[in-house]
Amino acid sequence: MQRIERHASFGGWQDVYEIESATLGVKTRVGVYLPPQAIERPCPVVYWLSGLTCSEQNFITKAGAQQHAARHGLILVAPDTSPRGEGVPDADGYDLGVGAGFYLDATQVPWNSHYRMHDYVVHELPAWVEANFPASDARGIAGHSMGGHGALVLALRNPGRYRSVSAFSPIVAPTQVPWGEKAFSAYLGDDRDAWREWDACALIADARERLPLLVDQGLADEFLENQLRPELLREACEAAGHPLELRLQPDYDHSYYFIASFIGEHLAHHAEMLRG
Ligand SMILES: N[C@@H](CCC(=O)N[C@@H](CS)C(=O)NCC(=O)O)C(=O)O
């Protein structure tokens, strides 16, 4: 591993590392924020999954999350949104290929060679974090848009692995919207039954753990009706009796201005759930 950035931030450190990922088959970058409390004791970790077109940089430079992580004693880990670099397949358009890994394990050629973001984020990344930093094994997961889908799906697929989950503007039902249909056709093939394994609304019906979901959605979001459709999450949670706090926020759009406005409340929620 190589540290390629280090910035003092709110008494702690915002770092960026480049690590060799066996799961992704390439080097990949990851943002790690170490709060001041990490000097003295192991801290819980919140994993942040970004949306389409993002790298590890968007969250660490735009969300203003460090001040809240410093207050609550949380380590923040922000991976890239896909494998990238030499030999990694890509496609035209911002919503498939590099920058658009959808936090799943692809089964179709050529994507299945590197696009294993689920396996990477759930297994390899926490193993690396917990071996190299003063991290406890209390894990939370959060994300935005495609990363909100990732946070919900990873938590639902891996009961016991996360103690807290939250999302901003998540793609809650990728099997029913254009972004998801395009990506899942490519990564998972034509069998729509296989898609349901990666769809939060479909997974909620049979979830083995009822971890409460905190979701914020801006009502001036340009993707609200076509791609995000939070009402489908509300319906799925009501049908299954799954705890959901869905907060519809007037005037907010899809951007990091929205995330920055509420990230403090999300991290307070994670801190509360992660308190040992
Ligand atoms: N209009 C955008 C669509 C993609 C988009 O809105 N991406 C969101 C996540 S789904 C984002 O976080 N973009 C980067 C940023 O705002 O820093 C584009 O074509 O680049």
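Both counts, for ligands and for their atoms, begin at 1 and track the order of listing. These values consider heavy atoms only, across backbone and side chains, with no hydrogens, waters or symmetry-generated copies.
- The six-membered or imidazole ring of Phe168 lies near that of Phe258, with a centre-to-centre distance under 6.0 Å.
- Not a single heavy atom of Ser255 sits closer than 4.0 Å to an atom of ligand 1.
- Any N or O atom pair closer than 3.5 Å counts here, and Asn58 shares at least one such pair with ligand 1.
- Using a distance-only test at 3.5 Å, with no hydrogens or angles considered, a donor-acceptor pair links the side chain of Asn158 to the main chain of Leu154.
- Of the protein's heavy atoms, Thr53 CG2, 3.5 Å lies nearest to atom 20 (O) of ligand 1.
- Atom 12 (O) of ligand 1 has Cys54 SG, 3.3 Å as its closest protein atom, hydrogens excluded (heavy atom only).
- In terms of protein heavy-atom proximity, atom 3 (C) of ligand 1 is nearest to Tyr94 CE1, 3.8 Å.
- The ring of Phe223 has its center closer than 6.0 angstrom to the ring center of His254.
- Not a single heavy atom of Met146 sits closer than 4.0 Å to an atom of ligand 1.
- Seen from the ring of Trp198, Arg157 counts as a face-on cation partner, given the 6.0 Å and 45° thresholds.
- Between Phe184 and His149, the two ring planes are tilted [angle within 30° to 60°].
- With ligand atoms numbered from 1 in the order given, ligand 1 contributes 10 (S) to contacts under 4.0 Å with heavy atoms of Ser145.
- For Arg29 and Asp80, the salt-bridge test fails: no basic side-chain N is under 4.0 Å from an acidic carboxylate O.
- The pair Arg192-Glu181 counts as a salt bridge, with a side-chain nitrogen and a carboxylate oxygen less than 4.0 angstrom apart.
- When only non-hydrogen protein atoms are considered, atom 1 (N) of ligand 1 lies nearest to Phe223 CZ, 4.4 Å.
- Among all protein heavy atoms, the one lying closest to atom 5 (C) of ligand 1 is Leu52 O, 4.0 Å.
- Heavy atoms of Ser50 found under 4.0 angstrom from ligand 1: none, in either backbone or side chain.
- When hydrophobic clusters are built by joining Ile, Leu, Val, Met, Phe, Trp and Tyr residues whose side-chain heavy atoms come closer than 4.5 Å, directly or via intermediates, Met1 is grouped together with Val77.
- Counting atoms of ligand 1 from 1 in the listed order, those under 4.0 Å from a heavy atom of Gly51 are 9 (C).
- Look at Glu86 and Lys27 and you find no salt bridge, because none of the NZ, NE, NH1 or NH2 atoms lies under 4.0 Å from a carboxylate O.
- Each of the atoms 9 (C), 12 (O) of ligand 1 lies under 4.0 Å from some heavy atom of His144.
- For atom 8 (C) of ligand 1, the protein comes within 4.0 Å by at least one heavy atom.
- Shown in contact with Lys62 at under 4.0 Å from a heavy atom are these atoms of ligand 1, numbered in order with element: 15 (C), 16 (O), 17 (O).
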